[in-house]
Colleague: 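Quick one: the structure is below, questions incoming.
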Amino acid sequence: MTPTAPIVGIAADDVTGATDSVVQFSRSGWASRLLLGNLLPRSVDPGSALALNSDARAMDAATARSATAGAVADLLTAGANRLYLKIDSTMRGSVPAQVAGALDAWQERHPGCFAVVCPAYPAMGRTLEDGLLRVHGGSVEDSPAGRDPVTPVPTSDFSLLLPGTTTISLNGSPEQDAQALRETAGDGGVVVVNAASDSDLRTLAAALVVAGETAIPAGSAGLAAAMASAWADAATALTAPEPAPAAQGQRIVVVVSSLHDVARAQTDHLRAHLDPSDLRILQPVDSLLDQPNRLAQWAAGELEVPESLPRVVVILSPEAVRGSVTLSGTAIARSLASVVQQTLARASVGALVLVGGDGARAVLEATRAQALRITGAIQEGIPVGVVEGGTAAGKIVVTKAGGFGPVSALLDTVTELTRTLTLTQSTEASS
C-alpha cells in the first residue's frame with residue numbers, strides 16, 4: 001500500500017487511447033493530463049496521472065518497442081512511480097512490442113518488473129474469456145477490429161496474439177492473486193489475465209496494488225478505471241481539481257480522420273439528424289491531400305466567409321482514400337489538420353471533436369498544444385478536456401477512438417457540447 005498518492009505514468013499507443021485512459025483517473029479524483037509537444041513538466045504533485053502517446057500502434061515491432069521504451073523513460077523523468085501501459089482493447093497493432101518496450105525501460109528503475117496484460121473493457125463489450133478475446137460475445141476477428149484497414153486482428157486466441165504467455169484467472173484474494181501473477185509471469189516477465197466483467201477488473205486491480213511498483217498493468221481504459229480507483233483507495237489524498245476555463249465560442253469543429261466503419265457510421269448518423277442549417281461538411285477530394293498548396297487554396301475558398309459557418313463544422317477525409325495505398329493514415333490526418341488550422345484562424349470555435357488517433361495527434365501538433373488537461377467524459381470512451389498552450393489554448397477538446405461507441409455517439413457528443421457551451425456563455429453573461 002502507498003501512504004501518499006503515487007504519480008502514475010500512462011504510456012499509450014495513440015492519442016485517443018491516452019485520453020481514454022487518463023480520463024479514468026480524472027474521474028477518480030486524480031489531476032490528469034495528456035502531455036504533448038517536447039516539454040516535460042518540471043514538477044508533478046503526488047496524485048497526478050500523466051499520459052504520453054508513443055504512436056506505437058501501427059509501427060513495426062522494433063520501432064514500436066523503441067518508441068514505447070522512450071515514452072516510459074520520459075514518464076520516469078517526469079516523476080512517475082507507477083506505470084500503466086495502454087494497449088488497444090481488441091489487440092490491434094504492435095502490442096507484443098509495446099509490452100517489451102515498457103519492460104525494457106521500467107526495469108532500469110525497477111529490476112524484476114513484470115507486465116500483466118488484460119485488454120478487457122466490459123463496458124464496451126470487450127472481454128477476455130478462457131484465453132479468447134471477444135467483442136460483444138463474438139470472436140474479435142469477426143468484429144470491425146478484424147476488418148481494420150490499418151491494423152486488422154486475425155484471431156481471438158491470446159496464445160497467438162501474445163505468443164509465449166500463459167493466461168490465468170484470479171481467485172479474489174489480493175495477496176494470493178499478486179503471488180500468482182508474479183509466479184506465472186516467470187522469466188518471460190508477462191502474464192495474461194481473463195476478465196469478463198468490471199468485477200473481474202477490480203479483482204485484478206486489487207492484486208496489482210499489492211504487487212506494487214514492479215507490476216506493469218497493460219490494458220485498455222477498462223483496467224485503467226479499475227487501477228485509478230484502486231490506487232486512489234490505497235493513498236491518503238489526491239490533488240484538488242482545477243476550475244474549468246471560460247468558453248471561447250459556440251461553434252463546434254468535428255474532425256473525422258478515422259477510416260473505421262464505426263466512425264463513418266457515426267458521422268452519417270450525425271449528418272442525418274442535424275438540421276442542415278446547423279451543419280457544414282468540409283471534405284476535400286483525395287487528389288488534394290498530397291498537394292498542400294492546392295489544399296490550402298481549397299480550404300481558403302470554403303472558409304471565405306467565416307461568419308457564415310454554422311454551429312457545427314465537420315472536416316472529413318474523402319471516401320476515396322479508404323482504399324489508397326499511397327497515403328498513410330498519418331498523411332491523411334496531417335492534411336485534415338491543416339484545414340483545421342485555417343478554420344481556427346478564421347472563425348471563432350469553442351470546441352473540437354477529434355475522431356481517430358492519427359487525426360487527434362495531427363491537430364494537436366499543428367496547433368502546438370503542450371498538454372490536454374482532462375476534465376471528465378461525455379460518455380464511456382469519450383473523454384473531454386481543455387487545451388493548454390499553443391494556438392488552441394483554452395478550447396474544449398473531445399477525443400474519440402474511431403472504432404468505439406454506438407452509432408449515436410458523435411451526435412450525442414455534439415449535443416452535449418452544445419449544451420455545455422450555451423450554459424457557459426449564459427453563466428458568463430449573467431456574472
Side-chain angles (χ1 to χ4, degrees), residues 14-24 26-27 34 89-90 121-126 135-136 143-145 198 220-222 224-225 244 247-283 309-317 340 349-357 359-360 363 372 374-387 395-426:
D14 73 352
V15 168
T16 54
T19 53
D20 195 20
S21 293
V22 77
V23 72
Q24 308 301 335
S26 174
R27 285 171 160 177
L34 168 66
S89 65
T90 56
Y121 196 171
M124 300 300 291
R126 276 74 163 164
V135 177
H136 298 296
S143 75
D198 287 339
S220 68
Q248 297 186 357
Q250 298 294 296
R251 189 171 289 111
I252 301 167
V253 173
V254 181
V255 186
V256 185
S257 65
S258 175
L259 304 179
H260 201 290
D261 291 345
V262 171
R264 290 294 169 160
Q266 291 167 346
T267 304
D268 290 344
H269 186 81
L270 175 71
R271 296 173 74 168
H273 287 81
L274 277 187
D275 188 314
S277 65
D278 284 339
L279 178 67
R280 175 78 176 276
I281 304 294
L282 300 181
Q283 187 175 30
L309 291 175
R311 68 179 181 89
V312 180
V313 177
V314 177
I315 299 174
L316 184 63
S317 58
V340 177
V349 174
L352 293 166
V353 180
L354 309 179
V355 182
V363 169
L372 286 186
I374 305 301
T375 58
I378 286 182
Q379 56 182 268
E380 190 70 34
I382 306 181
V384 59
V386 179
V387 179
K395 296 189 187 301
I396 295 173
V397 172
V398 173
T399 61
K400 193 187 83 65
F404 262 164
V407 70
S408 63
L410 203 49
L411 177 64
D412 294 342
T413 297
V414 168
T415 301
E416 181 62 27
L417 284 174
T418 299
R419 185 180 300 115
T420 298
L421 293 170
T422 301
L423 179 62
T424 302
Q425 187 179 55
S426 299

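Since this is a predicted model, take the numbers as computed values, not measurements.
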Colleague: Closer than 3.5 angstrom, by distance alone: can the side chain of Q250 be matched with the main-chain N or O of L421 as a donor-acceptor pair?
Modeller: yes
Colleague: Once rounded to the nearest 0.5 Å, what's the spacing between atom OG of S257 and atom CD1 of I315?
Modeller: 11.0 Å
Colleague: Can you list everything that forms a salt bridge (Lys or Arg N to Asp or Glu O under 4.0 Å) with R251? Sequence neighbours excluded, please.
Modeller: none
Colleague: Do you know the tightest heavy-atom contact between V355 and G402?
Modeller: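 Result for this residue pair: CG1-CA, 4.2 Å.
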Colleague: What pairs with D198 under salt bridge (Lys or Arg N to Asp or Glu O under 4.0 Å), at least two apart in sequence or on another chain?
Modeller: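 In terms of salt bridge (Lys or Arg N to Asp or Glu O under 4.0 Å), with neighbours along the sequence ignored, D198 is linked to no residue.
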Colleague: Using a 4.5 Å cut-off on heavy atoms from C-beta on, say whether the side chain of L259 contacts that of S317.
Modeller: yes
Colleague: Looking at every heavy atom in both A18 and L34, which two are closest together, and how far apart are they?
Modeller: CB-CD1, 3.6 Å
Colleague: For T413, what residues pass the side-chain contact (heavy atoms from CB on, under 4.5 Å) criterion, not counting sequence neighbours?
Modeller: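 With neighbours one apart ignored, the set is V353, I378, Q379, I382, V398, L417.
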Colleague: Name the atoms and distances for all side-chain donor-acceptor pairs under 3.5 Å in residues 268-275, with sequence neighbours left out.
Modeller:
unit_1 : atom_1 : unit_2 : atom_2 : d
H273   : ND1    : H269   : O      : 2.9
D275   : OD1    : S277   : N      : 2.9
D275   : OD1    : S277   : OG     : 2.8

Colleague: Can you measure from CG (D261) to OG (S143) and round to the nearest 0.5 angstrom?
Modeller: 10.5 Å
Colleague: Are the side chains of V384 and V397 in touch, meaning some heavy atoms are under 4.5 Å apart?
Modeller: no
Colleague: Please list all pairs passing the salt bridge (charged side-chain N to carboxylate O under 4.0 Å, His left out) test where one or both residues lie in residues 398-416, with sequence neighbours left out.
Modeller: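 For residues 398-416: E416-R419.
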Colleague: Who are the side-chain contact (heavy atoms from CB on, under 4.5 Å) partners of T418, not counting sequence neighbours?
Modeller: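 T418: side-chain contact (heavy atoms from CB on, under 4.5 Å) contacts with I252, R311, V414, T422.
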Colleague: Can you find a pair of side-chain heavy atoms, one from L352 and one from V340, that are under 4.5 Å apart?
Modeller: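 Yes, side chains in contact.
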Colleague: Please report the shortest heavy-atom distance between G376 and V23, naming the atom on each side.
Modeller: O-CG2, 2.7 Å
Colleague: Among L316, L411, V254, which one satisfies side chain to side chain contact (heavy atoms under 4.5 Å, CB included) with T267?
Modeller: L316
Colleague: Just by distance, do the side chain of K395 and the backbone of V349 share a donor-acceptor pair under 3.5 Å?
Modeller: yes
Colleague: Could you walk me through whether V314 and L282 pass the side chain to side chain contact (heavy atoms under 4.5 Å, CB included) test, one step at a time?
Modeller: CA-CA 6 Å; V314 177; L282 300 181; over 6 Å; no
Colleague: Would you say that V386 contacts L372 through its side chain, given a criterion of any heavy-atom pair below 4.5 Å between the two side chains?
Modeller: no
Colleague: Work out which heavy atom in A377 is nearest to a heavy atom in R27; give both atom names and the distance.
Modeller: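 Residues A377 and R27, closest heavy atoms: CB-NH2, 3.3 Å.
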Colleague: Show the nearest heavy-atom pair for residues S89 and S220, with the distance to one decimal.
Modeller: CB-CB, 3.6 Å
Colleague: Atom CD in Q266, atom CG in L410: separation rounded to 0.5 Å?
Modeller: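 If I round to the nearest 0.5 Å, the distance is 6.0 Å.
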Colleague: Please report the shortest heavy-atom distance between P144 and H260, naming the atom on each side.
Modeller: CB-CE1, 3.2 Å
Colleague: Considering the options D20, T19, T16, which one meets the side chain to side chain donor-acceptor pair (under 3.5 Å) requirement together with T399?
Modeller: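 With T399 as partner, side chain to side chain donor-acceptor pair (under 3.5 Å) holds for just one option, T19.
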